[in-house]
Amino acid sequence: MGFVRVNGDMRSVRVLNESKMTGKCMGLSCAWVVDVLRGRLNIGREPCLKKGIFLQSLYEFNFKGCTKPESGNARFFKTLTMLDEKYNLAREIKSGKGDCKGVIKKLPDFAGAAGVVACWSYRNAEDLNHPDWHYRSGGHAIGLIKQQDDKGLYLYDSNFGIYQWIEQKGRSLKDDLKRYLIEQKIYGVDVWPNATMKVYKK
């Protein structure tokens, strides 16, 4: 089954497209994860657009001068001190393909409520054989929430909506995420996570 959409009619998507302000996936994903965990936002609702744009501007500022995607993403995550001080949320930051896959793989079994902002790199078909194995065609950020007491796991994609993950025997969350991103077409034919921030209540 994989991911089933529960909210595909999001005002933020329409506003961003109409105003040509696309590319706000990191800020909106962070806003969604944090506010759901704080109990300020229903898991099936879109995040505050203004907050998402503010966080996106902070992200873009921190990304300046970084030569690798994972470096810029991790630098941004480390600047979010408000998660620790204001919201009473703990966070764990990981960079690199292997460590990030581990974070995503373990999320369904986390004891309690937790969220993950996951940054993905992707390659288009024409770039699959690029001589630089670090090369990527682009990137995308998504949000994941694992609810308290195993009441469900949800995906937020700022381009398409909010989905619930329906677990199937023999298929992991990591595999279903990769399948989802590839099936959306705009995310390339090869995808991998390069940085993650796991957030959970202290």
Side-chain angles (χ1 to χ4, degrees), residues 3 5-64 69-70 72-94 100 103-104 107 110 112-120 138-148 152-165 177 180-181 184 187 193-202:
F3 291 98
R5 187 153 56 183
V6 295
N7 183 352
D9 183 28
M10 297 196 298
R11 175 179 173 273
S12 58
V13 174
R14 297 195 301 274
V15 170
L16 292 173
N17 286 335
E18 290 169 2
S19 58
K20 302 187 185 304
M21 292 176 60
T22 55
K24 308 301 179 189
C25 55
M26 176 67 95
L28 287 165
S29 296
C30 284
W32 183 77
V33 166
V34 170
D35 280 352
V36 169
L37 287 178
R38 292 173 64 209
R40 297 290 183 88
L41 182 69
N42 184 287
I43 202 164
R45 300 288 300 275
E46 60 185 314
C48 172
L49 183 57
K50 288 183 179 180
K51 179 181 288 187
I53 292 175
F54 168 75
L55 291 175
Q56 182 71 27
S57 65
L58 181 62
Y59 162 70
E60 291 173 3
F61 175 80
N62 278 277
F63 211 95
K64 292 179 180 178
E70 58 267 29
N73 294 331
R75 181 188 290 181
F76 166 66
F77 288 149
K78 289 176 182 177
T79 66
L80 297 182
T81 54
M82 61 181 180
L83 292 179
D84 303 316
E85 298 171 359
K86 185 177 179 180
Y87 297 159
N88 198 33
L89 297 173
R91 61 195 163 130
E92 295 175 6
I93 300 167
K94 298 290 184 181
C100 293
V103 171
I104 294 169
L107 181 61
F110 185 80
V116 169
V117 180
C119 308
W120 295 75
H140 187 55
I142 58 172
L144 297 164
I145 292 283
K146 186 262 180 183
Q147 289 188 302
Q148 187 83 23
L153 195 149
Y154 291 79
L155 158 71
Y156 170 77
D157 185 334
S158 60
N159 290 332
F160 295 107
I162 299 170
Y163 300 75
Q164 183 175 10
W165 181 53
L177 275 172
Y180 163 82
L181 290 167
Q184 295 298 354
Y187 303 135
N194 63 61
T196 56
M197 178 179 68
K198 184 170 76 174
V199 184
Y200 54 94
K201 294 183 179 180
K202 290 182 180 179

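All values below come from the heavy atoms of this structure, side chains included, with hydrogens, waters and symmetry mates left out.
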Which atom names give the shortest non-hydrogen contact between Ser29 and Cys25, and what distance separates them?
OG-O, 2.7 Å
Just how far is it from atom SG of Cys100 to atom CD of Glu70, taken to the nearest 0.5 Å?
8.5 Å
I need the minimum non-hydrogen distance between Asn73 and Ala195, along with the two atoms involved.
CB-CB, 3.5 Å
Closest contact, heavy atoms only, Phe76 versus Cys30:
CE2-SG, 3.7 Å
For Ser57 and Phe54, indicate whether the former's side chain and the latter's backbone hold a donor-acceptor pair under 3.5 Å.
yes
Roughly how far, to the nearest 0.5 Å, is the CD atom of Gln147 from the CG atom of Leu37?
10.0 Å
Main-chain N/O of Met197 paired to Arg91 side chain as donor or acceptor, under 3.5 Å:
no
Any side-chain heavy-atom pair of Ile142 and Trp120 under 4.5 Å:
yes
Using side chain to side chain donor-acceptor pair (under 3.5 Å) as the criterion, list what pairs up with Tyr187, not counting sequence neighbours.
His140, Asp157, Asn159
Judged by atom type as modelled, is there a donor-acceptor pair below 3.5 Å linking the side chain of Arg75 to the main-chain atoms of Lys64?
yes
From SG (Cys119) to CE (Met26), nearest 0.5 Å
3.0 Å
Considering residues at least two apart in sequence or located in another chain, which fulfil the ring pair (Phe, Tyr, Trp, His ring centres under 6.0 Å) criterion with Tyr154?
none
Quick one: pull up CG in Leu58 and OG1 in Thr79 and give me the separation to the nearest 0.5 Å.
4.0 Å
For Glu92, what residues pass the salt bridge (Lys or Arg N to Asp or Glu O under 4.0 Å) criterion, not counting sequence neighbours?
Lys198
Check whether any side-chain heavy atom of Val33 sits under 4.5 Å from a side-chain heavy atom of Ile145, and report yes or no.
yes
Might you point out which heavy atoms bring Ala118 and Ile104 nearest each other, and give the distance in Å?
CB-CD1, 4.3 Å
If only atom types and distance count, is the side chain of Asn7 paired as donor or acceptor with the main-chain N or O of Gly44 below 3.5 Å?
yes
When rounded to the nearest 0.5 angstrom, what distance separates CH2 in Trp165 from CG in Leu177?
8.5 Å
Test of understanding: with ring pair (Phe, Tyr, Trp, His ring centres under 6.0 Å), list the residues that count as partners of Phe63, not counting sequence neighbours.
Tyr59
What distance separates Leu89 CG from Leu80 CG, expressed to the nearest 0.5 Å?
11.0 Å
Quick note, salt bridge (Lys or Arg N to Asp or Glu O under 4.0 Å) partners involving residues 27-37, not counting sequence neighbours, are Asp35-Arg38, Asp35-Lys51
For Ala114, the side chain to side chain contact (heavy atoms under 4.5 Å, CB included) test, sequence neighbours excluded, returns Leu107, Phe110, Tyr200
Do Tyr156 and Val36 make a side-chain contact, defined as non-hydrogen atoms from C-beta onward lying under 4.5 Å apart?
no
Which residues satisfy the side chain to side chain donor-acceptor pair (under 3.5 Å) test with Gln148, sequence neighbours excluded?
none
In short, Leu28 meets Ser158 closest at the heavy-atom pair CD1-CB, 3.9 Å
Classify the ring geometry between Tyr180 and Tyr163 as parallel (under 30°), tilted (30 to 60°) or perpendicular (over 60°).
perpendicular
Testing the basics here: between Leu55 and Ala31, what is the closest heavy-atom pair and its distance to 0.1 Å?
CD1-N, 3.8 Å
